[in-house]
Amino acid sequence: MIERPAYMDWLERWQDKDVIKVITGLRRCGKSTVLRLFREQLLTKGVDPSRIIAINFESMEENYPTDAKPLYDYVVSRLAPGVVNYVFLDEIQHVREFERAADGLYVRDDVDLYLTGSNADLLSSELATRLTGRYVELRMLPLSFKEYRSTRPQSESPEQSFNRYLLYGGLPYAATLEHDQDIADYLGGVFNTILVKDIAQRHPRIDTIAFDEVASFLADNVGNITSIKGIADAMKQTHRGISPTTVGEYIAALRENYLLFRADRYDIKGKSYLKTLEKYYLGDPGFRFWFLGKTGGDLGHRIENVIYLELLRRHRTVHIGKVGTTEVDFYTPAPQGDHYYQVSLTVMDESTLSRELRPLQSINDNHPKTLLTMDRIGTDDHDGIKQINIIDWLLE
């Protein structure tokens, strides 16, 4: 099991707090493993095994109740009396009206409740309304590059690891595989499981071939300014007519299941959100390999995808910044202070350096500004704008 220290720290901080801990994220990104590690940690701290109840609703080991009231009764019947019990309900979206069971367990003084799910509906308006102010969410992502490096042989250089990570992505099991075909088969299995188990069941009229084509188009255009109409027009080039409405539904399904993230644009000077010209990034870079193999694509945009996911880990909210007629690649609003990031493969050419710095220089505030590049030489400071090597930054 791969250590995930940031997520373990989060679980430790919220242990025994009077809120439901909701862990969401892409299938196979490691949610169940992190909770298993956390349960092992509870045991090493002296928590009696009888106080830990763990149910995985995709396990075939036992016939667990999948309706709210029977599930509630089942869990209550197993609670150790007079102590706090740690209850873990994994992939709880398979339970009908699961929010009622969660609400009932939450109000008990003897339960510290943890839920996981692979679909954004876990925090749908109904659950959020019923449990307003009573839950916190941990959104898990595949392995960060730093975590991925810990799985690789010590003889492998950071640059070699990064090339693999950029191509194959960070799903934990994929990181343990070595052969292209094995990795492709595994990633295809994950994608098709999501398509069959999660998406097709909720959208039974879905055209799976058209869905794959939309997903493949988005995988090939990560980091490009994209519109739903533009994708529909592009589909016509493949002789498959898909309406903008259908494209929008397919994108929503990809986002619901964390296969895709949308980065909205934000006018930094005007302090307002813009409703057009958003960008999309894959929930794991490896899905591009599954759809398109080793075809080159835009290397800069593929690296952007990795950086976008890392910023989600560190800041949770990530936008594209608009500054007048120029653009800042990423803007991260955060309680501890905003941060601006520009990304470029290289700025060794003076005109490229000037172009990349210009949007950051035009922002008149004292928040941190960072230029991320693959360069290993050159100044590390441009009048207050830090220049950092991308691999070094990912390993911080």
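Count residues from 1 along the sequence. Keep in mind the model is a prediction, meaning the values are calculated, not measured.
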Chemist: Closer than 3.5 angstrom, by distance alone: can the side chain of Lys369 be matched with the main-chain N or O of Asp365 as a donor-acceptor pair?
Modeler: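 Flag set: sc Lys369 to bb Asp365 pair under 3.5 Å.
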Chemist: A quick test of your reading: do over 12 heavy atoms of other residues, nucleotides or ligands sit less than 6.0 Å from NZ of Lys275?
Modeler: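 12 or below, so no.
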Chemist: Mark yes when over 12 heavy atoms from residues, nucleotides or ligands other than Asp381 sit less than 6.0 Å from its CG; otherwise mark no.
Modeler: yes
Chemist: Side chains of Leu292 and Ser216: closer than 4.5 Å at any heavy-atom pair?
Modeler: yes
Chemist: Would you check if the side chain of Tyr7 reaches a backbone N or O of Leu141 as a donor-acceptor pair within less than 3.5 Å?
Modeler: yes
Chemist: Should Ile55 and Val75 count as side-chain neighbours, where that means a heavy-atom distance under 4.5 Å?
Modeler: yes
Chemist: For the residue pair Arg313 / Ser144, report whether a side-chain donor-acceptor contact shorter than 3.5 Å exists.
Modeler: no
Chemist: Is it true that atom CD of Gln336 has more than 12 heavy atoms of other residues, nucleotides or ligands lying nearer than 6.0 Å?
Modeler: yes
Chemist: Could you check Thr116 against Thr24 for side chain to side chain contact (heavy atoms under 4.5 Å, CB included), going step by step and ending with a plain yes or no?
Modeler: CA-CA 6 Å; Thr116 81; Thr24 61; over 6 Å; no
Chemist: So, Asn85 side chain and Ala80 main chain: donor-acceptor pair closer than 3.5 Å or not?
Modeler: yes
Chemist: Please answer whether the main-chain N or O of Val343 pairs with a side-chain N or O of Asp329 as donor and acceptor at a distance below 3.5 Å.
Modeler: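 Pair found, side chain donor or acceptor close to backbone of Val343.
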Chemist: Look up atom CG in Leu309 and atom CG in Leu282, then write down how far apart they are to the nearest 0.5 Å.
Modeler: 8.0 Å
Chemist: Whether the Glu91 and Gln93 side chains hold a donor-acceptor pair (N or O, under 3.5 Å, no angle test) is what I'd like checked.
Modeler: yes
Chemist: Is Val318 close to Tyr341 at the side-chain level, that is, under 4.5 Å between some pair of heavy atoms?
Modeler: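 No; the side chains remain at least 4.5 Å from each other.
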Chemist: Given Asp233 and Lys229, is the salt bridge (Lys or Arg N to Asp or Glu O under 4.0 Å) satisfied, shown in steps?
Modeler: CA-CA 6 Å; Asp233 290 343; Lys229 183 179 183 303; 2.9 Å; yes
Chemist: To the closest 0.5 Å, what do you measure between OG (Ser157) and CD1 (Ile391)?
Modeler: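 Rounded to the nearest 0.5 Å, the OG-CD1 separation comes to 7.5 Å.
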Chemist: Do other residues, nucleotides or ligands put more than 12 heavy atoms under 6.0 Å from Glu62 CD?
Modeler: yes
Chemist: For the residue pair Glu249 / His203, report whether a side-chain donor-acceptor contact shorter than 3.5 Å exists.
Modeler: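 No, Glu249 and His203 have no side-chain donor paired with an acceptor closer than 3.5 Å.
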Chemist: Does anything in residues 277-290 pair up under salt bridge (charged side-chain N to carboxylate O under 4.0 Å, His left out), and if so which pairs, sequence neighbours excluded?
Modeler: Asp220-Arg288, Lys279-Glu327
Chemist: Between the side chains of Ser351 and Ser354, is a donor N or O closer than 3.5 angstrom to an acceptor N or O?
Modeler: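 No, no side-chain donor-acceptor contact under 3.5 Å.
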Chemist: I'd like to know if Glu137 pairs up with Arg316 as an ion pair, taking the criterion as any Lys NZ or Arg NE/NH1/NH2 lying under 4.0 Å from an Asp or Glu carboxylate oxygen.
Modeler: yes
Chemist: Does a side chain donor of either Asn163 or Glu159 reach within less than 3.5 Å of an acceptor in the other side chain?
Modeler: no
Chemist: Go through the steps for Tyr280 and Phe261 under the test ring pair (Phe, Tyr, Trp, His ring centres under 6.0 Å), then give the verdict.
Modeler: CA-CA 6 Å; Tyr280 292 96; Phe261 288 94; over 10 Å; no
Chemist: Without hydrogens or angle criteria, can the side chains of Asn119 and Asp198 be said to hold a donor-acceptor pair below 3.5 Å?
Modeler: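 Their side chains do not contain a donor-acceptor pair, so the 3.5 Å distance test is not met.
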Chemist: Would you say Arg265's side chain and His319's backbone share a donor-acceptor pair under 3.5 angstrom?
Modeler: no
Chemist: Consider only side-chain N and O atoms of Asp267 and Ser272, and report whether a donor and an acceptor are under 3.5 Å apart.
Modeler: no
Chemist: Verify the cluster assignment for Ile225 and Ile307: are they in a single hydrophobic cluster under the rule of side-chain heavy atoms below 4.5 Å apart?
Modeler: no
Chemist: Between Asn389 and Asp375 (side chain of the first, backbone of the second, donor and acceptor by atom type, cut-off under 3.5 Å), is there such a pair?
Modeler: yes
Chemist: To the nearest 0.5 Å, what is the distance between CD1 on Ile199 and OG1 on Thr208?
Modeler: 11.0 Å
Chemist: Taking atom CZ of Arg149 as the centre, report whether more than 12 heavy atoms of other residues, nucleotides or ligands fall under 6.0 Å from it.
Modeler: yes
Chemist: List the steps and the verdict of ring pair (Phe, Tyr, Trp, His ring centres under 6.0 Å) for Phe291 and Phe191.
Modeler: CA-CA 10 Å; Phe291 281 114; Phe191 183 87; 5.0 Å; yes
Chemist: At their closest point, which heavy atom of Arg164 faces which heavy atom of Ile183, and how far apart are they?
Modeler: NH2-CD1, 4.1 Å
Chemist: Are Asp103 and Arg134 within salt-bridge range, i.e. N to O under 4.0 Å?
Modeler: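 A salt bridge is present here (some side-chain N lies under 4.0 Å from a carboxylate O).
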Chemist: Do Lys31 and Ser118 meet the criterion of a side-chain donor-acceptor pair at a distance under 3.5 Å?
Modeler: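 Lys31 vs Ser118: donor-acceptor pair found between side chains.
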Chemist: Say whether, by atom type as modelled, one donor and one acceptor occur between the side chain of Asp298 and the main chain of His301 under 3.5 angstrom.
Modeler: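 Pair found, side chain donor or acceptor close to backbone of His301.
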Chemist: May I ask whether Leu260 and Leu277 are part of the same hydrophobic cluster, defined by side-chain heavy atoms of I, L, V, M, F, W, Y residues being less than 4.5 angstrom apart, directly or through others?
Modeler: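 Different hydrophobic clusters.
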Chemist: Within the distance-only criterion (no hydrogens, no angle test), does the side chain of Glu156 pair as donor or acceptor with the backbone N or O of Pro153 below 3.5 angstrom?
Modeler: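 Pair absent, no side-chain N/O of Glu156 close to backbone of Pro153.
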Chemist: Do Met140 and Tyr258 have side chains that get closer than 4.5 Å, going by heavy atoms?
Modeler: no
Chemist: With a distance cut-off below 6.0 Å to the six-membered ring centre and an angular limit of 45° from the axis, does Arg314 pair with Trp393 as a cation-pi contact?
Modeler: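 Because its charged atom sits under 6.0 Å from the ring centre and within 45° of the axis, Arg314 does stack over Trp393.
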Chemist: Salt bridge between Lys294 and Asp180, side-chain N to carboxylate O under 4.0 Å?
Modeler: yes
Chemist: When you group the ILVMFWY residues by side-chain heavy-atom contacts below 4.5 Å and let the links chain together, are Leu372 and Leu395 in the same group?
Modeler: yes
Chemist: Within the distance-only criterion (no hydrogens, no angle test), does the side chain of Asn257 pair as donor or acceptor with the backbone N or O of Ala253 below 3.5 angstrom?
Modeler: yes
Chemist: By the ring-ring contact (aromatic ring centres under 6.0 Å, His included) test, which pairs, at least two apart or in different chains, include something from residues 145-170?
Modeler: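 Those involving residues 145-170 are Phe145-Phe162, Phe145-Tyr165, Tyr148-Tyr165, Tyr168-Phe289.
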Chemist: Kindly indicate, with the supporting measurements, whether the criterion salt bridge (Lys or Arg N to Asp or Glu O under 4.0 Å) is fulfilled by Asp112 and Lys21.
Modeler: CA-CA 8 Å; Asp112 188 21; Lys21 276 63 76 171; 2.4 Å; yes
Chemist: Grouping I, L, V, M, F, W and Y whenever their side-chain heavy atoms are under 4.5 Å apart, do Leu143 and Met1 come out in a common cluster?
Modeler: yes
Chemist: I'd like to know whether the aromatic ring centres of Tyr106 and Tyr135 sit less than 6.0 Å apart in this structure.
Modeler: no
Chemist: Under 4.5 Å between side-chain heavy atoms, chaining through other members, with only Ile, Leu, Val, Met, Phe, Trp and Tyr counted: pull out the rest of the cluster around Tyr273, sorted by chain and number.
Modeler: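 Other cluster members: Tyr266, Ile268, Val323, Val328, Tyr331, Tyr340, Val347, Leu353, Leu357, Leu360, Ile363, Leu371, Ile385.
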Chemist: Run the salt-bridge test on Arg262 and Asp264 with the 4.0 Å N-O cut-off and return the result as yes or no.
Modeler: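 Here Arg262 pairs with Asp264 in a salt bridge, since their nearest N and O are under 4.0 Å apart.
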Chemist: Verify the neighbour count for atom CG of Asp383: are there more than 12 heavy atoms of other residues, nucleotides or ligands below 6.0 Å?
Modeler: no
Chemist: I need the Phe287 CZ to Leu171 CG distance, nearest 0.5 Å.
Modeler: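 Between Phe287 CZ and Leu171 CG, I get 5.0 Å after rounding to 0.5 Å.
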Chemist: Using 4.0 Å as the upper bound for N to carboxylate O, is an ion pair formed by Arg78 and Asp73?
Modeler: no
Chemist: For the residue pair Asn221 and Thr226, confirm or rule out a side-chain donor-acceptor distance under 3.5 Å.
Modeler: no
Chemist: Does a salt bridge link Glu256 with Arg202, judged by any charged N lying under 4.0 Å from a carboxylate O?
Modeler: yes
Chemist: Determine whether more than 12 heavy atoms belonging to other residues, nucleotides or ligands lie under 6.0 Å from atom OH of Tyr173.
Modeler: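 No - once you tally the heavy atoms of other residues, nucleotides and ligands closer than 6.0 Å, there are 12 at most.
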Chemist: Is it the case that the side chain of Lys236 and the backbone of Ala232 share a donor-acceptor pair, with hydrogens and angles ignored and the cut-off at 3.5 Å?
Modeler: no
Chemist: If you count the non-hydrogen atoms of other residues, nucleotides and ligands that lie under 6.0 Å from CZ in Arg376, is the total more than 12?
Modeler: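 Check passes, neighbour count above 12.
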Chemist: Are side-chain N/O atoms of Arg27 and Thr193 paired as donor and acceptor at under 3.5 Å?
Modeler: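 No pair is found: no donor N or O on one side chain lies under 3.5 Å from an acceptor on the other.
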